[in-house]
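Lettering follows sequence order; numbering is per chain, from 1.
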Amino acid sequence: MAGSFDADIAASTRVRLARNYADLPFPGRMSRVQAKKLNERVASRLGNREFTRLDMASLSPNERQVLVERHLASRELCERPEGMLLLSKDEKISIMVGEEDHLRIQCLLPGLQLEEADNLSRSVDAMLSVDGYAYDAQLGYLTACPTNVGTGMRASVMLHLVGLSSTGSMQSLLETVGKFGYTVRGFYGEGTQAAGDMVQISNQVTLGLSEEEIIRNLGEVVRSIVKKERSVREAMLKGDSGELTDRLNRSLGILKFARRMSSEEMMRRLSDVKLGLSIGLFEGMTAAELDKLATLGQPASIASTLTGSPSSAQRDEARAKLLRVGLKECKVF
Amino acid sequence: MLCDECGVNNATVEFVSIINGKKIERHLCPACAHKLGADSFMPFSWGDVFPTVGSFSPRQEARCSVCGSTLADIARTGLIGCAQCYHDLREGILPIVSRVQTKTRHTGRAPATFESKKIPETASKPESETEEARLTRELNDAVAKEEYERAAALRDQLKALRGELPNSQKKPTDSKEGN
């Protein structure tokens, strides 16, 4: 099942729609009263539809950071006192209310599932559109930033490119991708060294292309990168003098037995184990399960499992324990 | 460094504009920056990324009738204030959209509520257009195609038609984009 979505390489897919209502100024110009009106409107539309309402003002800084680590909310939303998040029970749909635009409808699915994510976000979009979106015959959906105008759609896929990264061909590949109107960024933070060899590829242009074209074009680009990554991985295994298998086995061993682990080391080791699973060196777990561990092992998520304000050593111990337990089923083939 | 304009005061404002791909940097004192309208387009990040905001210089006093935003506000924050801005400040916003998106016509989905209104809006016949509407349409078209010289000429014609140019500048085709 996971294989059909290329989940060993394409970790997750996201489709995000930026929407604004015609009768309220965009969030940057909203009064507190208008912001409250917006929140109540959206909450009442989705009220009983299995969505949990999270008001940023009522969350602790660590709780907000957990949402950021899990890619459910942006930092910007967390910083807005009137910001609100509506989260579906299965966490596949999250709606940021009062971020840069009134609505950011996001659909997050595991693996490569662009069409499915589009369909899901579309159904929520239809429900929320009844209150009258800001829409222009020429420019399409109107957004606070002109970089989102038109479809308001940003589709992205998170890719684990450990093979391309290790052969040094990542840079040239990503530059090529960039020339065709796609943005590439590292896993956490923009422009930083991609942690755990994870990169996100998304469409840059939102106007002048239909939603289907955006989805289809991105899908083609991603599939060609996945294919390339796969061939590089095969070549790596074939040409291995023992160094690669040693490294991957070491990483698995360390994850299974270490007593302290930093988040940086965790990302690096998990990347190795994911590669080991993908090339048939290990068995017993899926790439999606490893991705979930990586998320749960992020600093704020770890801190949320501890009481008080834990020291970094305490966090590293809790992380190591999480990984020991989590990787129990992962075995050498 | 002395001001490029008056040559007397210290230059504290750097004004960068890019016209037809040619970058022009000017170092100005606050007074001259204000006189030339350069101070309302700070900071530079937007002037650099969206040079047309600095060089195209539509009516600076134009304000959105709903949220009160000016083009200077938009250049400063990088954000448009409300849906009405796209209408009231269109002349200034379209070049920005064209710069960041390359295209200026939406071809994707529309909200269900909009579909029904779509036909009458697009059905307005060109022959019944007023002179002002014709010029506005051609201006939008020129901006969309990034034909900024034609856009500047059309903008001046529009201004002349609306009686916004001082008498001494009545010649509508004289482009004042010398900067």
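- Between Arg90(B) and Asp136(A) there is a side-chain heavy-atom pair separated by less than 4.5 Å.
- We find the SG-CG distance between Cys82(B) and Asp23(A) to be 11.0 Å, quoted to the nearest 0.5 Å.
- For the atom pair NE2 of His106(B) and CG of Leu209(A), the computed distance is 11.0 Å after rounding to the nearest 0.5 Å.
- Of the inter-residue distances, the one linking Ile96(B) atom CD1 with Cys145(A) atom SG reads 9.5 Å to the nearest 0.5 angstrom.
- Listed options Ala126(A), Gly28(A), Gly140(A) were ranked by heavy-atom pairs under 4.5 angstrom with chain B; first place goes to Gly140(A).
- Contact of the Leu139(A) side chain with the Tyr86(B) side chain is registered, since non-hydrogen atoms from C-beta on lie closer than 4.5 Å.
- Side chains of Gln101(B) and Thr206(A): a donor-acceptor N/O pair is present below 3.5 angstrom, by distance only.
- Atom CZ of Arg29(A) is separated from atom SG of Cys64(B) by 8.5 Å, given to the nearest 0.5 angstrom.
- The CD1 atom of Ile80(B) sits 7.0 Å away from the CZ atom of Phe26(A) when rounded to the nearest 0.5 Å.
- Of all the listed residues (Thr151(A), Leu24(A), Asp125(A), Val130(A)), the one sharing the greatest number of non-hydrogen pairs under 4.5 Å with chain B is Thr151(A).
- The minimum heavy-atom distance linking Pro111(B) with Tyr135(A) is given by the pair CD-CD1, 3.4 Å.
- Residue with the most contacts toward chain B among Gln204(A), Arg19(A), Glu212(A): Glu212(A) (heavy-atom pairs, distance under 4.5 Å).
- The shortest heavy-atom contact between Val97(B) and Pro146(A) is CG2-CB, 4.0 Å.
- Put simply, of Leu94(B), Thr104(B), Ile93(B), Thr102(B), the one with the most heavy-atom pairs under 4.5 Å next to chain A is Thr104(B).
- Residue contact with chain B, scored on non-hydrogen atoms closer than 4.5 Å, is absent for Asp101(A).
- Neither side chain, Ser210(A) nor Arg109(B), offers a donor N or O lying under 3.5 Å from an acceptor on the other.
- Heavy atoms of Arg122(A) lying under 4.5 Å from chain B belong exclusively to its side chain.
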